Structures are given as C-alpha cells and as structure tokens.
Amino acid sequence: MFRFSKTHYASEALGLGEGSRVRLAGWIFRKRELGGVIFIVLRDSTGSIQVVVREPEIGPSQLRSAREAGLESSIIVEGVIRKDPRAPGGTEVLANSLEVVGESDNYPIRKGAGEEFLLDNRHLHLRSRSMWAILRIRAEALRAAREWFDSNGFTSVEAPSIVGAAVEGGATLFEINYFGKKAYLTQSSQFYLEAAIFSLENVYTIQPSFRAEKSRTRRHLTEFWHVEAEMAWADLNGVMEVVEGLVGHMASAVAERGAEELEILGRRFDPPDTPFPRISYDEAVDIAKRKGVDIEWGDDLSTEAERAVSLEFDSPVFVHRYPKSAKAFYHMPDPSRPEVVLCVDLLAPEGIGEIVGGGQRIHDYDLLVQRIREEGLNVEDYKWYLDLRKYGSVPHGGFGLGLERTVRWIAGLPHIRAAVPFPRTITRVTP
RNA sequence: GGCGGGGUAGCUCAGCUAGGUAGAGCACCCGGCUGUUAACCGGGCGGCCGUGGGUUCGAGUCCCACCCCCGCCGCCA
C-alpha cells in the first residue's frame, strides 16, 4: 500500500499503541474549538481519527492556523498516539505539528443539505461518509462482476460507444454530429457481443449505455453502466444460469467485503439464496391479478405489476416467456408457443424491479428478417447483424444488467442517482 | 407524452387559508471557554420572497402567463 506524505492511514493509526509516533495526511472532517484546545477529526480514505491540538505542543503560530482552518481543509499532522476513553473510538493523536496544505474557506456542504443542493455539489459531496461507502460498494460490485466472468470462462470484449444505428427503438437514441453525418451514442453493446461470440463463444462487457428516454423516476439514468454478456450455444435456461451465477456472486461479494460500507448506510443485506425462483409471464400475470392489479395477458408488466410480483419473493425472481408483442424483435419465439418469446427479466426484491433483461436470440436468418419487417424496421439498418445469421449461425443468448439498479438494490438506496458518482438524468449534466 | 408536489437568507424551512414593517435554526464573523463528541454560551452579518404582468391605498400572500426543480405513470437496465 502506498503511503504518500504519511506514515499511517487513519484506520491504521487507530490500531497503534500508546506513544506511537505518526504522520497523518487528510482533511478536516469535524472541528470543535474550546479556549485552549482544538479537537479536529481528521478524515482520509480509510476512516477518521481525532487529533488534539494544544498550544504547549505545537506553539502559537500553528495553533492559529489550526484555528483558522475551515472544514475540509487538507492537513498534515505529526503526533503521538494516545489512548483516552474520552476520544471517539478510544484513540486519538496528540499533535506536535499541524500543517495546512490546502485552505478550505466556507465549505458549502453542511448537515441538513437538500437533495438538489447535494447534487449540484456532487463533486464535493463525494467526500461524505455515505458517498464514500456507496462508491466502495459500487467498486466492489464491479470487481465481483469481472471476477465472476473471468473465472467462468468469459472473455471481455469492448464495443464502440459511437454507433450508426439503434439496437432497439430509435426514439431513445442520443444523436451526435459525426463529421457531418448522423451517429448515435450506444444504448446497448448486445449486437457487437453477438458478433464476438463467433470468435470467443462466451463474452462480456461492462461499459456505459445511453438512453434518451424522458423517464423521470428513481430507476432511470440517461447514462448507466451496462453489464452485458452473450453466450454461443446458450438457450434460455443457460441465460438464466449465467445471470443467477453473476448476480449471486455480486450480492454475496458485496455483503462479505462491503460489510462496513453497508453498515454505514444502515443497510442490512442478506445475499439471496440460489437458485432464484423462476416463473413464467403467465404466472406473473396471475399473481398480479390476484393482488388486484389491473392487467390483461398481453400487456407488458407494468411497474405496479412488477412490484406486486417481486414482493411475493424475498430474493430476485426470474420472469420468462413474455408475449412477443411486448418485446424487441430479436427475441427468439418459443417453438412450442409462438405467441411468447424466450426472454427473461430478473426482478430485484423490495420493489426495486427489473435489473436484468435478456433471453435467447433469433439465430435463423429468415425469421430475423421477418421479425424486423413485422416491427416496421428497416432491414438495411441491420445488414451486418443479419450477416451473423448467414455464416455458421448458432443458437445463442445473452442479457444486460443495470449496474446502478443492482447497486441500488444491494445498498438499499432510495434513488438510482445515489448509485453513480456523477449521475446523468433527464435534467442533469453537471457536475 | 399524462398526473401531482414545490421555488422565501449561503443551507434547511416557517409565513400564504384570512393582503398591512421579512422570520427561525444551521453556517459565517466577533467575543468567552484546556476534554469536545453534529461542543456549548453571548453578540453580529445576511433577502430581486423563481421571472414577467395584473388586482389593490398596500402583494411573499390574491389572479394570469412563463421558467426551473422534484416525484408518480408510460418506457426501459
């Protein structure tokens, strides 16, 4: 571990014995001034520790600069570890010297700040204890996802973010000016991953996707991190097995390695048991109806219906085989029931709703052309995608997982905005 | 795209029902305090009441228009 400008991190210093000499570098998290003594809570990336500043040890000049330093000033402190029951956590540092490295005058974030103010100041709010915990949980979830793919025979493949045509509807694309031509920000890497399976068989990517949906809800971002995988020779069942393995590992990895962070957020999270329950769309409609939701077979599952279904289970639940009309053109119709497709959504519990969407893809050229036409799309736009069905096509399937939705569920966050460092929503592009 | 809530001090809000001198807490500044734990005590600074128009002797408050923010639905991961 690197220790730039310091001998110990705050959390390391807490574990040292009485009399140990330390040099700490961090930020002023809290400051309590009395007449002749100042208590500073020094924060760094690992935690915080109280620093006691008194004139006899550090002299009048440094006492004055400590007195003048505002919250979030960066400081380097040298001192001696003391065990004292009056200190938070029973350990503190008696300062011999305190250097203010970067002043902080009138730090704008205070207790009681509102949601919008904190979002306007997200570049500063990242320093808060709760954002610290969330960023670490997100990092752990990402690490766990890569770890699971990498140890299960998947190869990572990167797809372009600038694309020439839509994967799904055109209405949700951000258009960009690409040297005078129209291009778009990708809404999914699925088609590129489908191309890659003919070389690597089982592939994944973790990168941003962009959706110009005018959705103003606690579940939507316009830019989100998309965990996508595609598997050659996989059927619907295979897709569900992969999703279950991935989501199960992400959940248990965060529960295990992110216990302290979850605790900070006040989140009690027990990773779900596997296998996850699997129900058909038909059963989901029955459950929703039984719970009084106004829904007919053939409708897509409304948010209300999704919530009604997911509340029946205390783990994520797979809902498979939706009506063809409710899903995108590339989903494979069920050979035994052509009115439904071999797709699957994973609904997270606690009313979070859909975190994964996927299924088996159409691998037959003629059927795919037919479905493109039925949806009123232009076959020309899918030329290279159709090519994949002309040269050694294979049954295959895949899925996309919303990282922020998954983190929101695991961390118990009230809004998807909290699950990303700098959220992009319909009304926010800064900071 | 449809429905609902909101905009007053740097921040969080009260005041609007019933029009009559712009309020509180926090922050900040000054003073006090050598063991604070979101320190405390005393004093001080701080306002285009979202914007524009209207009614009125008088508008933060009533009326009209517009702007912005938030949530729910639709759509999705």
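In what follows, chains carry the letters A, B, and so on, assigned in the order in which the sequence lines appear, proteins first and then strands, with residues in each chain numbered from 1. Note that the structure is a prediction, hence the values are computed from the model and not measured.
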Sort out the partner of [N] for me: Watson-Crick or G-U wobble, both distances under 3.5 Å, none otherwise.
N       : value
rC16(B) : none
rC72(B) : rG2(B)
rA65(B) : rU51(B)
rA9(B)  : none
rG42(B) : rC30(B)

With rounding to whole Å, what would you report as the distance between [N] and [M] at their [atom1] atoms?
N       : M       : atom1 : value
rG23(B) : rC16(B) : C1'   : 14 Å
rG53(B) : rG42(B) : C1'   : 47 Å
rG15(B) : rG6(B)  : P     : 11 Å

TODO: On RNA chain B, check which nucleotide each of Arg428(A) and Thr222(A) is closest to and give me the residue with the more 5' one.
DONE: Arg428(A)
- [ ] For Gly402(A) and for Leu119(A), find the nucleotide of RNA chain B with the closest heavy atom, then tell me which residue's nucleotide is more 5'.
- [x] Leu119(A)
Rounded to the nearest 0.5 Å, how far apart are [atom1] of [X] and [atom2] of [Y]?
X         : Y         : atom1 : atom2 : result
Ile137(A) : Arg408(A) : CD1   : CZ    : 14.5 Å
Glu375(A) : Tyr330(A) : CD    : OH    : 11.0 Å
Leu367(A) : Phe329(A) : CG    : CZ    : 11.5 Å

Please classify the nucleic acid contact of [X] as base, sugar-phosphate, or nothing, using heavy-atom distances under 4.0 Å.
X         : answer
Pro108(A) : nothing
Glu115(A) : nothing
Ile38(A)  : nothing
Phe117(A) : sugar-phosphate
Thr406(A) : nothing
Glu92(A)  : base
Asp300(A) : sugar-phosphate
Leu34(A)  : base
Ser209(A) : nothing
Arg218(A) : sugar-phosphate
Arg129(A) : nothing
Arg30(A)  : sugar-phosphate

Is there a side-chain polar atom (N or O) of [X] under 4.0 Å from OP1 or OP2 of [N]?
X         : N       : value
Thr217(A) : rG71(B) : no
His415(A) : rG71(B) : yes
Arg67(A)  : rC30(B) : no
Thr303(A) : rG74(B) : yes

TODO: Please say whether more than 12 non-hydrogen atoms of neighbouring residues, nucleotides or ligands are located less than 6.0 Å from CH2 in Trp384(A).
DONE: yes
Task: NZ/NE/NH1/NH2 to OD/OE distance under 4.0 Å, Arg43(A) and Glu72(A) - done: yes
Task: Salt-bridge present (Asp334(A), Lys324(A); N to O < 4.0 Å) - done: no
Open item on the list: How close do Glu55(A) and Pro60(A) get, counting heavy atoms only, and between which atoms?
Closed with: OE2-CB, 3.5 Å
Under 3.5 Å, is there any donor-acceptor pair linking the side chain of [X] to the base of [N]?
X         : N       : value
Arg82(A)  : rG35(B) : yes
Arg216(A) : rC75(B) : no
Glu33(A)  : rU36(B) : no

Task: Exercise: do Glu194(A) and His396(A) side chains pair donor with acceptor under 3.5 Å - done: yes
Task: Exercise: do Trp297(A) and Asp282(A) side chains pair donor with acceptor under 3.5 Å - done: yes
Open item on the list: Is the ring pair Tyr204(A)/Phe149(A) parallel, tilted or perpendicular, if the boundaries are 30 and 60 degrees?
Closed with: parallel
Nearest-nucleotide pick for [X], side chain only, options being [options]:
X         : options                   : answer
Pro56(A)  : rC70(B), rC69(B), rU34(B) : rU34(B)
Pro88(A)  : rU34(B), rA77(B), rU36(B) : rU36(B)
Glu116(A) : rC75(B), rC69(B), rA77(B) : rC69(B)

TODO: Kindly state whether the pair Phe224(A) / rA77(B) counts as stacked, where counting means centroids closer than 5.5 Å and planes tilted less than 30° apart.
DONE: yes
Task: Atom-to-atom span, CD1 of Ile426(A) to C1' of rC76(B) - whole angstrom - done: 13 Å
Would you tabulate the pairs of protein nitrogen or oxygen atoms and nucleotide nitrogen or oxygen atoms of nucleotides 23-28 of chain B closer than 3.5 angstrom?
from	atom 1	to	atom 2	distance (Å)
rA27(B)	O2'	Arg110(A)	NE	3.2
rA27(B)	O2'	Arg110(A)	NH1	2.7
rA27(B)	O2'	Arg110(A)	NH2	3.0

